[in-house]
Each structure stands twice: as structure tokens, then as C-alpha cells.
Amino acid sequence: MPPATIGVLALQGDVREHVAALRALGADALEVRTPADLERVDALVLPGGESTAVSLLLASSGLRQPLEARLEAGMPAFGTCAGMILLAREVLDGRADQQSLAAIDLTVRRNAFGPQAASFEADLDVAGVTGGPLHAVFIRAPVVEKAGDAVEVLGEVDGHPVVARQGKILVCAFHPELAGDLRLHELFLQEV
Amino acid sequence: MSESKRTTGTDRVKRGLAEMLRGGVIMDVVNAEQAKVAEDAGAVAVMALERVPADIRRDGGVSRMSDPALIEAIRGTVTIPVMAKCRIGHFVEAQVLESLGVDFVDESEVLTPADEAHHVDKWAFTIPFVCGATNLGEALRRISEGAAMIRSKGEAGTGNVVEAVRHLRSIVGDIRALGSADDAEVYAWAKRLQAPIDLVQEVRASGQLPVPLFCAGGIATPADAALAMQLGAQAVFVGSGIFKSEDPARFGRAIVEATTHHRDPQIIAKVSRGLGAAMKGADVATLDQRLAERGW
């Protein structure tokens with residue numbers, strides 16, 4: 001079997017940090033902008049960025065339907081920050097017409113900590129990640145308000161889940177790709 | 001599960017927000033209705049101001065920070081980050097913007113400078129700043145003062161991309177040339193650029209600025225945005241170009257799509273088709289005042 005190709009959704013956001021993280025772990029990373037790109041990947045990372053803009057670009061790029069179909073068929077996915085919002089079942093404080101991919105049974109609140117002045121760094125214990133706490137960078141970050149029974153919560157802030165997993169879908173509210181700590185990427189690649 | 005103490009306002013958090021805007025379009029808006037149109041079009045952030053640069057040029061007079069009521073109305077309308085401009089060196093305007101919950105401050109040459117010798121000490125703030133630059137030395141001086149993002153200045157309010165191209169080519173070209181300097185030459189580079197040696201060495205080693213490089217000042221069409229991206233910008237600011245066009249909603253959307261798909265001429269052609277008139281624009285040679293000459 002050839003090695004897996006990991007896509008990074010490259011419509012907008014901090015794509016290159018994820019590509020660099022995946023390559024540092026020896027994975028074959030590919031930027032995904034079109035349905036043809038999506039066909040070439042075995043798993044997909046949805047990076048940080050603005051979820052409203054990415055949501056519109058998913059539609060205009062013709063990616064929304066094929067992506068929904070791939071997720072439905074069990075493709076592993078890892079969403080950070082905006083990526084978590086896009087993968088969630090329900091979005092609070094979003095735009096009225098914001099469509100999520102509903103790949104993980106979460107209700108998330110956008111920009112839950114307030115304006116940029118409240119963005120922060122902290123060390124966070126994450127279940128399933130060994131070797132000490134993860135350094136987490138939260139930027140205008142979302143939190144999980146409600147998690148379905150099938151969801152495994154791996155990390156919390158203020159009693160709100162910020163790292164969660166359901167089957168092959170992994171999400172976090174912060175940016176492991178900015179902190180140079182690749183352990184969540186490793187956890188994701190184990191699923192691929 | 002536990003969490004350590006939170007730290008706000010770090011370099012990583014400030015530059016991190018700039019990273020999140022990469023590949024996107026930041027649109028100038030003068031009221032809540034325009035902010036909504038911008039968000040609907042796919043903007044990653046809006047710049048809240050009282051007049052777009054084309055009107056600032058036309059009206060003349062002293063141009064200052066916007067009315068807090070206007071900024072609050074825009075903040076209340078959109079869910080995306082809100083930026084606002086302070087005058088060069090006017091740290092009290094910046095303090096006011098931070099107190100209003102603005103996400104990013106643009107210390108901007110589009111407004112009338114308040115200090116002829118000093119830019120704002122941006123390290124003193126929790127929120128990030130973006131500053132304009134016409135060349136690599138200017139960019140590194142702004143970064144040394146704490147800027148978390150650099151935008152090439154271009155010539156705001158003209159709808160003419162020529163100055164943006166000049167400034168981007170200058171910055172990106174010098175980064176490339178610096179990369180081939182040897183250990184002795186790097187000191188001459190620092191002298192020529194009038195920039196701190198540690199930043200010059202960092203750029204030489206990494207082949208890029210320590211903060212994201214965006215493009216501003218004169219982008220008026222989807223092809224202009226894609227040109228800036230192909231020349232090395234990581235995102236674009238569009239000022240007068242959207243709301244001075246015939247159909248701002250369509251223009252905004254087309255510029256957003258062209259920015260994402262900037263290497264795909266077929267998509268740029270598709271979004272440009274039947275778009276109507278772009279802003280009229282101005283020949284830079286006929287301008288009374290070059291805004292890019294403000295700041296140093």
C-alpha cells in the first residue's frame with residue numbers, strides 16, 4: 001500500500017503551518033483547493049482561519065458536496081479552531097446562513113472568549129497525549145457548548161471541551177500548528 | 001484535565017491572528033451596512049473607517065481615528081475581526097481603539113500623521129498592530145517597534161495597483177537578495193536598510209519576514225488581488241476598490257475567490273466575467289499627495 005496522502009484544506013487560513021507540521025512527521029501533505037485535489041487525499045486537515053469565509057469558499061469551489069460525501073464515508077479529519085467550527089454539527093454566534101459539515105456531534109460557540117485582547121496561550125493536559133501538557137494557542141477561539149454521547153472529550157478550559165474526538169474526526173479549539181508541538185497531529189495520523 | 005495560567009498579548013498570539021487572515025481579503029467599510037456586505041462577500045476582516053481613502057483624498061483636511069460609535073456599530077454587526085486605523089504616532093488613538101475591543105490596529109499613513117519622528121510603541125499593547133511599508137528596511141523598523149503584520153503601502157485611494165507592485169517587489173526582492181549575503185555582508189545590509197541587525201539576520205536565515213506580509217493600496221480588481229498574491233503577498237487589503245465599484249457585493253466576492261485561487265487563471269476569468277465597472281481610479285503621476293511618503 002502506498003503511504004497515505006494528507007490533504008490540508010487551502011481555501012484560507014494558516015495552511016502552511018499545517019503542511020509543515022505534517023511533513024515534519026514524515027507525512028505526504030497536499031494543499032486542497034478543488035474537488036480534484038480532494039480525490040487525491042486519504043485524510044484532511046481543516047486549518048485555522050475565518051470559518052465564515054472558508055464556508056463560502058467551500059461552496060464556490062464546488063468542494064462542499066464532495067467533502068460531505070467523503071466525511072460521510074469515513075475519511076479521517078482534523079479541524080483546528082475554524083476547522084473545528086466547520087466540522088461541528090451546530091454553530092452558535094455564527095452567521096445565520098453558516099453551514100457546517102456536521103461530521104462531529106458538537107455544538108460550538110464561535111469566538112467564545114471575546115475580542116483579540118482576550119486571545120491567550122496556556123498549557124493544557126490532553127487525554128491520550130503523553131509527555132506533559134500541550135502548549136495551546138487560543139486565537140479568537142471557539143468552545144464546545146454541548147457534546148453528543150458519541151463524542152470523547154480530551155481536554156477542557158473553564159469546564160468547556162476544547163479537544164474532542166468522535167471516531168476518526170479530531171477537533172481542537174486552539175492552534176497546535178502555531179506552537180510547534182506536533183503531538184495532536186501525531187494522534188490524528190495514527191487514525192489514518 | 002487542567003490548564004495553566006493564561007498569557008495574553010504575546011507575540012505568538014498577536015502574529016497568530018495575522019496568520020489566520022492569510023489567503024483572505026480585508027475590506028474597508030464605512031458603516032454597518034457595508035460591513036455586512038463585506039462579511040457576506042467572504043471578507044476575513046473589516047477595516048472600520050469614516051471615509052475610504054479615495055474620499056479622504058477628495059475631501060482633504062486632517063484625517064483622524066473614526067468615531068467610536070461607528071466602530072461599535074460595525075463590531076455589533078459582524079462576527080469577523082474588526083480592524084481600525086490610528087494616526088502614525090498617535091498612541092492615544094491606539095489606546096482608545098484597544099479599549100473599544102478592536103481586534104487589530106492599523107497605524108496608517110492614510111490618516112494624517114500625528115508625530116513626525118516616532119511611530120507608536122506597539123509592544124506596549126495587548127492587541128496586534130499592522131503597519132505599512134514601502135521597502136524591507138521600513139518593514140523591519142516597524143517590526144522592531146512591535147508590528148505583528150506588515151502591509152505593503154501601495155498608494156491608497158487610487159485604484160491603481162502600480163505602487164503596490166513596486167513596494168511588494170522591493171520588499172520581496174530584497175528578502176531574496178539578502179538570502180545570498182554572507183556573514184560579513186549582512187552588516188552592510190543592516191546599515192543600508194537602517195534596520196536592527198538581529199532582524200536582518202533572521203530574515204536572511206528564514207527567507208521571509210518574521211510576521212505575515214500583506215498587500216494594500218490600489219487593488220481594484222480580482223486580477224489585481226491575484227497579482228499581489230503571486231508576487232508574494234499572503235493576503236490583501238481592499239480599500240476603496242470594493243465600495244467604489246459598480247456592484248460592491250459581486251466585486252467583493254470575486255476578489256475573495258480570486259485571492260484564494262490566485263494561481264488559477266480560469267477561475268480568475270470566471271469571477272471577472274461581466275463584473276461591471278471597477279472604481280475609476282487615478283494615475284499616480286497626477287496626485288497632489290503621495291500617502292506612501294508618510295512614515296519612515
Side-chain angles (χ1 to χ4, degrees), chain A residues 10-17 33-34 47-57 60-61 81-82 93-95 97-98 110-111 113-127 133 135-140 153-159 161-163 174-175 177-180, chain B residues 1-25 36 39-45 75 78-83 98-105 125-128 148 208 212 234-235 253-254 256-257 259-264 267 270-271:
Chain A
L11 297 174
Q12 190 274 317
D14 69 335
V15 175
R16 69 174 178 191
E17 283 77 8
R33 290 188 189 79
T34 64
E50 270 308 311
S51 61
T52 53
V54 176
S55 187
L56 287 169
L57 287 160
S60 66
S61 306
C81 194
D93 292 350
R95 291 163 43 84
D97 61 345
Q98 190 159 0
R110 282 182 70 210
N111 198 14
F113 296 93
Q116 170 64 9
S119 293
F120 64 98
E121 296 185 48
D123 289 323
L124 191 72
D125 285 326
V126 177
H135 191 65
V137 185
F138 289 83
I139 296 173
R140 286 176 44 97
V153 174
L154 305 179
E156 290 185 342
V157 167
D158 296 342
V162 293
V163 191
F174 52 90
H175 296 282
E177 74 279 10
L178 288 185
Chain B
M1 284 177 262
S2 66
E3 177 209 354
S4 74
K5 193 172 154 293
R6 294 180 190 177
T7 321
T8 57
T10 61
D11 266 13
R12 199 181 254 154
V13 163
K14 289 176 176 176
R15 293 175 184 184
L17 180 58
E19 303 284 355
M20 294 314 139
L21 303 176
R22 281 213 320 259
V25 181
K36 188 78 178 61
E39 188 179 60
D40 288 347
V44 291
R75 269 201 74 211
V78 295
T79 66
I80 55 180
V82 174
M83 300 186 170
E98 182 167 65
S99 80
L100 292 172
V102 161
D103 296 293
F104 229 110
V105 175
F125 290 79
T126 305
I127 57 172
Q208 58 185 5
Q234 293 162 342
R253 188 62 183 268
V256 166
E257 289 189 44
T259 302
T260 289
H261 299 285
H262 59 270
R263 292 195 185 278
D264 189 333
I267 291 182
K270 186 183 88 181
V271 302

Does a side-chain heavy-atom distance below 4.5 Å link [X] with [Y]?
X	Y	answer
Arg253(B)	Leu56(A)	yes
Glu19(B)	His175(A)	no
Val157(A)	Arg6(B)	yes

Return the minimal non-hydrogen interatomic distance between [X] and [Y], and the atom names on each side.
X	Y	answer
Ala43(B)	Ala53(A)	O-CB, 4.2 Å
Arg110(A)	Thr79(B)	NH1-OG1, 2.6 Å
Leu17(B)	Arg140(A)	CD1-CD, 4.0 Å
Arg12(B)	Ala179(A)	NH2-O, 3.8 Å
Gly101(B)	Pro115(A)	O-CB, 3.4 Å
Arg22(B)	Asp14(A)	NH2-CA, 3.7 Å

Max heavy-atom pair count under 4.5 Å with chain B, selected residue of Gly94(A), Cys81(A), Ser119(A): Ser119(A)
Give, as side chain, backbone, both or neither, the part of [X] having an atom under 4.5 angstrom from any heavy atom of chain A.
X	result
Ala235(B)	neither
Glu39(B)	both
Pro212(B)	neither
Arg75(B)	side chain

[X] side chain to [Y] backbone, donor-acceptor under 3.5 Å:
X	Y	answer
Glu121(A)	Gly9(B)	no
Gln116(A)	Val13(B)	yes
Thr260(B)	Leu11(A)	yes

Phe113(A) portion near chain B, given a 4.5 angstrom heavy-atom threshold: side chain
Which of Val82(B), Ile127(B), Ile80(B) touches chain A most, by non-hydrogen pairs under 4.5 Å: Ile80(B)
Contact winner vs chain A - Asp40(B), Val25(B), Val271(B), heavy-atom pairs under 4.5 Å: Asp40(B)
Distance-only donor-acceptor check, side chains Thr34(A) and His261(B), under 3.5 Å: no
